[in-house]
Amino acid sequence: MTDDLLEDAIVRFEEALPHAQLSEDAHERLRSPVSSLKVSVPVRMDDGRLRIFPGYRVRYDDTRGPAKGGIRFHPGVTAAEVTTLAFWMTFKTELMDLPFGGGKGGVAVDPKQLSASELERLSRGYLAAIADVIGPDVDIPAPDVATNELVMGWMAHEYAKINRGHHPSVVTGKPLALGGIPGRSSATSDGAFHVIRTVQSRVLPDIDHPSVAIQGFGNAGSQLATRLAEAGWRVVGVSDSSAAIHDAGGLDVAALREHKKATGSLADPPVGEEIAAEDLLCLEVDVLIPAALEGAIDGSNAERVRARTIFEVANGPLTADADRILDDAGVQIVPDILVNAGGVTVSWFEWIANRTGDRWDEATVRERLERRMVTETDAVVALADARDLPLRTAAYVHAIERLSRSMDATGTASLFGDLDG
Ligand code: GLU
């Protein structure tokens, strides 16, 4: 599946092309990444053995600024997956009008099998291995699946040691004590919430208390569950990699978050009933939120989806096949590059604060995040209406047109036009 992932992502991008202005040069450049690095990260384990973990960092595009994107620690990480994630970051930063390109990194490792000190050695070892290809003006990592502010703090510290100086803007999503910004850890769910609120009357007219199922109960999924429950939504299903929980009357989200914090997973939940993981995606709900990994809904299970609307909080949770099936069934899909863009947007604020030596308070972060999310969501919706496009295609067109203008301005394509002007 992962080897086809980039091709699948490129298909979606190319589907948007007939509706967008993109030069042939820019199209050709966007078919492959600017640079890809594969590294082997040696880690001395607590028992004295040496283990080697494969790691990757891909800079897909850096036309409008340094590449930007997270680092994930997951056993399924491959070169193809990281490349695809970097491809999606390219359009996400364009869509949000951030002065960045797209990048991504990852290590093939199951972090749950590591002790805290092994995790620190892995994080520092990975950073040291990619140190030559990142930098505040080159490529800026951040958290992604199974990496958090602790990991970002170790990485920023390691970079400072290697370069013998302070460069806090090389990594975002750091702890506050190391130059992080308030509101970064809730930024993805806050951003998703603003998108949902902005399009709610359009995609869920006449529903006061929508029902929602959320696949993935990590940082983004669990915080969004809380925000939606507080806004009067009925959270009828949630799942993580160990269990799926259901209650048609609405789950006690706070109790489930407490349980996950205490035990590390949703297994043996204090509320609701356990159901099969696959059945969570097929619940009859107003809204389904895939917030775990890519490819959760594909050609094999899309027909069983019973939701009216899908908000993609994960990166790439629907394959192109799933898109077609759901589109035919009239399911509205609000795409990942818009819905989950709050994280990288607050990363941008952190990068600005680090570079200027300024401190931003939480109210400023929240207010500017909301403004940015609402502005770009409105722009995507307006484009969808004006050109009669699905929201995903409209989001890509919006991003592609911005990127194309910059690529053509830096490239030689314009030289083949009218030189007299
Ligand atoms: N990993 C997040 C994403 O997929 C955040 C990236 C960042 O902050 O650079 O958007």
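Numbering of ligands and ligand atoms starts at 1, following listing order.
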### Task
Write out the residue and atom name of the closest protein heavy atom to atom 6 (C) of ligand 1, then the distance separating them to 0.1 Å.
Gly70 N, 3.8 Å

### Summary
So for Arg184 against ligand 1, with non-hydrogen atoms under 4.0 Å, the contacting part is side chain

## Note on the structure
Hits for side chain to side chain donor-acceptor pair (under 3.5 Å) against Glu24, two or more places apart or cross-chain, chain-then-number order -> none

### Task
Record the part of Arg72 in heavy-atom contact with ligand 1 below 4.0 Å; permitted values are side chain, backbone, both and neither.
neither

### Query
So which heavy atom in the protein is nearest atom 8 (O) of ligand 1, and how far is it from that ligand atom?
Ser347 OG, 2.6 Å

### Of Lys92, Arg402, Arg372, the residue whose pairing with Asp97 passes salt bridge (Lys or Arg N to Asp or Glu O under 4.0 Å)
Arg402

### Query
Would you call the rings of Phe91 and Tyr396 parallel, tilted or perpendicular, where under 30° means parallel and over 60° means perpendicular?
tilted

### Message
Below 3.5 Å, N or O to N or O, backbone or side chain included: is there any such pair between Thr172 and ligand 1?
### Response
no

#### Entry: Closest protein heavy atom to atom 3 (C) of ligand 1, given as residue, atom name and distance to 0.1 Å
Lys92 NZ, 3.2 Å

### Query
Counting from 1, what ligand 1 atoms have a heavy atom of Asp144 closer than 4.0 Å?
1 (N), 2 (C), 4 (O)

### Side chains of Asp139 and Arg57 in contact at under 4.5 Å (non-hydrogen atoms)
yes

### Message
Show the atoms of ligand 1 that are less than 4.0 angstrom away from any heavy atom in Gly343.
### Response
8 (O)

### Heteroatom distance test (Asn340, ligand 1): nitrogen or oxygen, under 3.5 angstrom
no

### No-hydrogen, no-angle side-chain donor-acceptor test under 3.5 Å, Thr319 and Asp8
no

### Task
Would you indicate whether Gln21, at its atom CD, is surrounded by more than 12 heavy atoms from other residues, nucleotides or ligands within a distance under 6.0 Å?
no

### Query
If you count the atoms of ligand 1 from 1 in the order shown, which ones are under 4.0 Å from a heavy atom of Gly69?
9 (O)

#### Entry: Polar atom proximity, Met89 to ligand 1 (N or O, under 3.5 Å)
no

### Message
I'd like to know if the side chain of Thr83 pairs up with that of Lys104 as donor and acceptor (distance under 3.5 Å, no hydrogens or angles considered).
### Response
no

### Message
Within the 4.0 Å heavy-atom shell around Ala142, which atoms of ligand 1 are there?
### Response
7 (C), 8 (O), 9 (O)

### Task
For Pro143, counting its heavy atoms only, list the atoms of ligand 1 lying under 4.0 Å from any of them.
1 (N), 2 (C), 5 (C)

#### Entry: Mode of Ala341 contact toward ligand 1 - side chain, backbone, both, neither (heavy atoms, under 4.0 Å)
neither

### Task
Mind checking side chain to side chain contact (heavy atoms under 4.5 Å, CB included) for Pro317 and listing every partner two or more places apart, or none if nothing turns up?
Pro290, Glu312, Ala314, Asp336

#### Entry: Pair Ser23-Asp25, side-chain donor/acceptor within less than 3.5 Å
no

#### Entry: Asn148 versus Asn219, side-chain donor and acceptor atoms under 3.5 Å
no

### Nearest protein heavy atom with distance in Å, relative to atom 9 (O) of ligand 1
Lys68 NZ, 2.8 Å

### Query
What atoms of ligand 1 come within less than 4.0 Å of a heavy atom belonging to Lys104?
1 (N), 3 (C), 4 (O)

### Query
Looking at Arg184 and Asp190, does any basic side-chain N land under 4.0 Å from a carboxylate oxygen?
no

### Message
Applying a heavy-atom cut-off of 4.0 Å, say which part of Val346 lies close to ligand 1: side chain, backbone, both or neither.
### Response
neither

